[in-house]
Amino acid sequence: MVSRAWIMACTVVLSACIGASGIAQVKVMQSGTTYTKAAGDDGDLLFGLWFPASRFVAQGGTITDRLTGLVWLQDSQCLKPSSKWSEAFARITELNAGTLTSCQGYTAGQHHDWRVPGLNELATLVHFGHRGPGNNGLGMYGFNAQSPNYWSSTSDHNDPTRAWTWRSSDNQLLASQLKEQGNSSFGVLAVRGPVITSPVVPIQSGQTLCYGPAFTSTACSGTGQDGELQLGADIDLQNRYSVTTLAIQNSAVIADALTGLTWLVSTVCMPAATWSEALTTIASLNAGTHPTCQLALEPSSPWRLPNVRELRTLMHYGQKSALGAPFPNSISSDLTQSYWSSTVSKVGDVERHYYLDFLDGGLVMTTDASQLYKVIAVRGGIQQSLSVTPLAHNFGALTVGQTSGSFSFTVKSTGPTPLTLGQIRLTAGTTHYSISLDTCSLVTPNDATCQISVVFHPKATGALSGTLEITDLVTVSLSGTGVGPTLSVSGEPFFWLLSDPLVTRTITVTAGGTGQLAISGLTLAGTNPSDFQIDSENCTTGGLNPGQSCTITVSFLPSAGGERTAELQIVSNAPDSPTTAISLVTIDMAPFIQIDPAGADFGKQNLGVAMTRTLTVSNKGTSGPLKLSSATIGGPASADYEVTGGTCKSADLAVDESCTVIVSFTPSVASRRQATLTLSSNDPARPMVEVALDGIGIDPTVEPEPDTDDGDQTVDPDQQSADTDSDAIEDQSDPDQSDLDQSDPDLSDSGTLDALGDSEPADDLGDSQLGNDQTGDDALQSVDLADAPTPNDDASASDQNGGSDAIDLGGPGTDSGGTVILRRGGGGCSQPVGPPDAAPALMLLILFSLVAYRRLQR
């Protein structure tokens, strides 16, 4: 807990003059309300030190009040509102110990001298122009405070079981609350810092006692209560008041050396009245028309109904009677009642008139104006404000780089006392605004004026704001707009592929904003500027009006391998970007997709019979994986093609890795059938690659037209080849073998494939389908040539009905000889086809001739 000894060790300097009584005089701040209901009320006269909007400064989780010098914790919610007064002090102990880590913006343990504020410290935060939950001014000041009620460290001297609170949740603004048995939660606004030089110094409450858990007087040391700390300006009751008794019964004039105020107390001149009658009574005193009381007047300082803050300076929270001995007994006893203030607030349609209840020890409340309360008059004090005309100025639009003419603000102090000005400075917008003239001295005499002139010199385009602050209390808003040409570039990104460096890129520059854009230079800079070249441009030949464009053509001429980078620097009079840098970069071919073959030709294929082709997809880039995202088929005959398999369905290909895509062709029409396979990948140069698919559908049931060159189908032993002039049988030397070999030789070992690339076990190498009996007759279906002919090896042929024909391919020099034996299904016969010593090649020719003969029989 903060001790009185620690605080008193700090130097207390009061920003006040020393009166004849030796008491340091303090200033009373305004109530905060600007609402006026009648002439002579608080909102009309605005007595007290000005209550400005720029009063509070938030920084590092704290808020500094520049009127009082007090520093407040910004986040009160971390102190956990409580219905018990003792818990408020416990929260402060935790805050000083650094164990509270949830206070927004505040570093735990940063300060160790926080305290529960005394009532008069807490009262400095009350804005009497705002009232009610969430509208008590704290949010406006920057506090993170949601609780409408707050504890003070000041006990109620009339009833120690209660403590003074700020209750903004109802009509009681300053009221006492049961310390430990309340049914409402009250927050804690932690405060720190002894009274320092500041415009307003809170005065002491007058409380000197402290109270323990039993609500009896106890030793103050270490309690942190108001009675221990006794912070603020000393009220010094023995020397504070000077009393002049008037001839009028129960009337006196009392001068207060602490505040500089002079009070008129009279039960005769100012009996109990409504609020409006109270104002009328005081007006008649000043006019000399009061029917009973004719007082000597001071025209320079007329009487008035005190505002609520002035009335509160009479309170003494350390004794039961409000004013005590300094006032004559008849007057002080009379003051133990409720008195009107001149302060009125209006929230929505509701007017609230503030009064002070001396009987209850200083309760500040609001009521309607029809109540009958006592009246007390006051004069003197500070009717001071600093008027600045105007409070805002817009310099309009100005070209960047130019300076406006000076604009003068007139500063005037009003009130009966000179106004001490603080530092005059620009607190925002110092880049774009400057003070060109200041005729205001540190002390401005009463009703004097001075001039502060400001110029606008925008350094950028757009709306530019600034703030001129005078005396730490007055804030003047500055605004203006910087204008000028702007530059924008289209066509980005500008990159080249390492594999295709000779491509040119065109950079389009467009002018915007206001005024003419002048481009004065184009420069290649960066890491490899010599590898790029400006081929042509029309940007530096003249200015561009808003909306006009010019172009710059750049090419890439690499002097070495690898990635090369540079930037094109465009120098112009655009204020926001006098040098605009455009990046020029190359892209390594990574990843790079390659497809082999580039197209798939399926040749002729019987209707309804599928044929497959395999495409190999490879990553030929230099780095990074190739990611295939989709493989789709489109085009006029897309229905005849299908991706049926391969290994690319989930492959990410590293450099030089490959995968396969298997495409199936099943013709549905006897005609040429074309489609396109599109592969999508992350290749930056070719994100979509198309592969042409081509095939011809044929109808095997349609008899082919005879060939006019059809001759004897004989076997020429010398040529060892079949005469295949017939349209039905192509020459056996034709590598396509489209009529005999119904499968691609490249795919004959592939086996059967699933739709997305899972392959079945392959057949023996060398197996091929040489004939196809579409009728299911006894046509030769297959010839097993698994091995080269050797002695005693046979070749067999089978048809679709399960019949088989065997061909003996016994090698030369065998006992059995080389005999080709045909075994027909359902029976069989065998006959020699060639001499026993015929060469194996001749045997094959005979075999192929037999196949051709069988097909002709169809």
Take Asp75 and Tyr106, measure what side-chain contact (heavy atoms from CB on, under 4.5 Å) needs, and give me the verdict at the end.
CA-CA 8 Å; Asp75 182 8; Tyr106 175 73; over 6 Å; no
Any side-chain heavy-atom pair from Leu544 and Gln516 closer than 4.5 angstrom?
no
Are Leu653 and Ile593 side-chain neighbours, meaning at least one heavy-atom pair lies under 4.5 Å?
no
With no hydrogens and no angle check, do the side chains of Ser453 and Ser408 hold a donor and an acceptor under 3.5 Å apart?
yes
Is there a donor-acceptor pair under 3.5 Å between the side chain of Asn682 and the backbone N or O of Pro687?
no
Would you give the length of the straight line joining atom CD of Gln594 to atom OG of Ser618, rounded to the nearest 0.5 angstrom?
5.5 Å
Just verifying a value: how many Å separate Leu679 CG and Ser630 OG, rounded to the nearest 0.5 Å?
7.5 Å
If you take all heavy atoms of Tyr641 and Arg673, which pair is closest and at what distance?
OH-O, 2.7 Å
Ignoring hydrogens and angles, tell me if any N or O in the side chain of Gln74 forms a donor-acceptor pair with the backbone of Ile63 under 3.5 Å.
no
So do the side chains of Val344 and Thr33 get within less than 4.5 Å of each other, counting heavy atoms only?
no
Which atom names give the shortest non-hydrogen contact between Ser406 and Val455, and what distance separates them?
OG-CG1, 3.2 Å
Reference residue Ile570; test side chain to side chain contact (heavy atoms under 4.5 Å, CB included); the match among Val509, Thr579, Thr540
Val509
One should read off an interatomic distance between His432 NE2 and His457 NE2, to the nearest 0.5 angstrom, of 9.0 Å
Side chains of Phe409 and Ile470: closer than 4.5 Å at any heavy-atom pair?
no
State the SG-CG distance between Cys659 and Asp652, to the nearest 0.5 angstrom.
10.0 Å
Compare all side-chain heavy atoms of Thr439 with those of Gln451 and state whether any distance is below 4.5 angstrom.
yes
Working note: Gln533 + Val554, criterion side-chain contact (heavy atoms from CB on, under 4.5 Å); need CA distance, chi angles, decisive distance, verdict.
CA-CA 6 Å; Gln533 174 179 294; Val554 180; 6.0 Å; no
On the 0 to 90° scale, with breaks at 30° and 60°, tag the Phe395-Tyr433 ring pair as parallel, tilted or perpendicular.
tilted
Please state whether the rings of Tyr141 and His127 are parallel, tilted or perpendicular, taking 30° and 60° as the class boundaries.
tilted
Within the structure provided, determine whether Val689 and Val617 are in side-chain contact (heavy-atom separation under 4.5 Å).
no
If a pair satisfies disulfide (SG to SG under 2.5 Å) and one of its residues is in residues 512-545, list it, with sequence neighbours excluded.
Cys539-Cys550
Considering non-hydrogen atoms only, spot the tightest contact between Thr508 and Ser549 and give its length.
CG2-CB, 4.0 Å
Under 3.5 Å side-chain donor-acceptor pair for Asp41 and Thr36:
yes
Is there a donor-acceptor pair under 3.5 Å between the side chain of Arg672 and the backbone N or O of Asp694?
no
Any donor-acceptor N or O pair under 3.5 Å, side chains Thr475, Thr467
no
Closest non-hydrogen atoms of Gly526 and Glu567, given as atom of the first, atom of the second and distance, are N-CG, 4.3 Å
Note, Pro575 side chain near Pro485 side chain (heavy atom, < 4.5 Å)
yes
With a 6.0 Å cut-off (strictly less than), is the heavy-atom count around CD of Gln548, excluding the residue itself, greater than 12?
yes
Given side chain to side chain donor-acceptor pair (under 3.5 Å), test Ser31 with Asp42 step by step and report yes or no.
CA-CA 8 Å; Ser31 69; Asp42 188 3; 2.6 Å; yes
Write down the atom of Val483, the atom of Ala397, and the distance for their closest heavy-atom approach.
CG1-CB, 3.9 Å
Passing candidate, side chain to side chain contact (heavy atoms under 4.5 Å, CB included) with Val454, options Leu437, Val476, Asp438, Leu478:
Leu478
With sequence neighbours left out, which residue pairs that include part of residues 506-534 fulfil the salt bridge (charged side-chain N to carboxylate O under 4.0 Å, His left out) condition?
Asp531-Arg564
Under 3.5 Å, is there a donor-acceptor pair linking the side chains of Thr124 and Thr68?
no
For side-chain contact (heavy atoms from CB on, under 4.5 Å), just list the numbers for Ile595 and Leu677, CA-CA rounded to whole Å, side-chain angles, deciding distance to a tenth of an Å, and then say yes or no.
CA-CA 11 Å; Ile595 302 174; Leu677 170 67; over 6 Å; no
Shortest non-hydrogen separation from Val691 to Ala600 and the atoms involved
CG1-N, 4.3 Å
Are the side chain of Gln30 and the backbone N or O of Gly48 linked by a donor-acceptor pair below 3.5 Å?
yes
A side-chain contact here means heavy atoms from C-beta on lying under 4.5 Å apart; do Asp576 and Val400 qualify?
no
Under the side-chain contact (heavy atoms from CB on, under 4.5 Å) rule, what do Leu517 and Thr510 come out as? Steps first, then yes or no, please.
CA-CA 9 Å; Leu517 175 68; Thr510 303; over 6 Å; no
Quick one: does Asn528's side chain have a donor or acceptor within less than 3.5 Å of a partner on Thr565's backbone?
yes
Passing candidate, side chain to side chain contact (heavy atoms under 4.5 Å, CB included) with Ile633, options Val643, Thr676, Thr678:
Val643
Distance, nearest 0.5 Å, that separates CG of Asn573 from OG1 of Thr486:
10.5 Å
CG/Leu73 to NE2/His111 distance, rounded to the nearest 0.5 angstrom?
9.5 Å
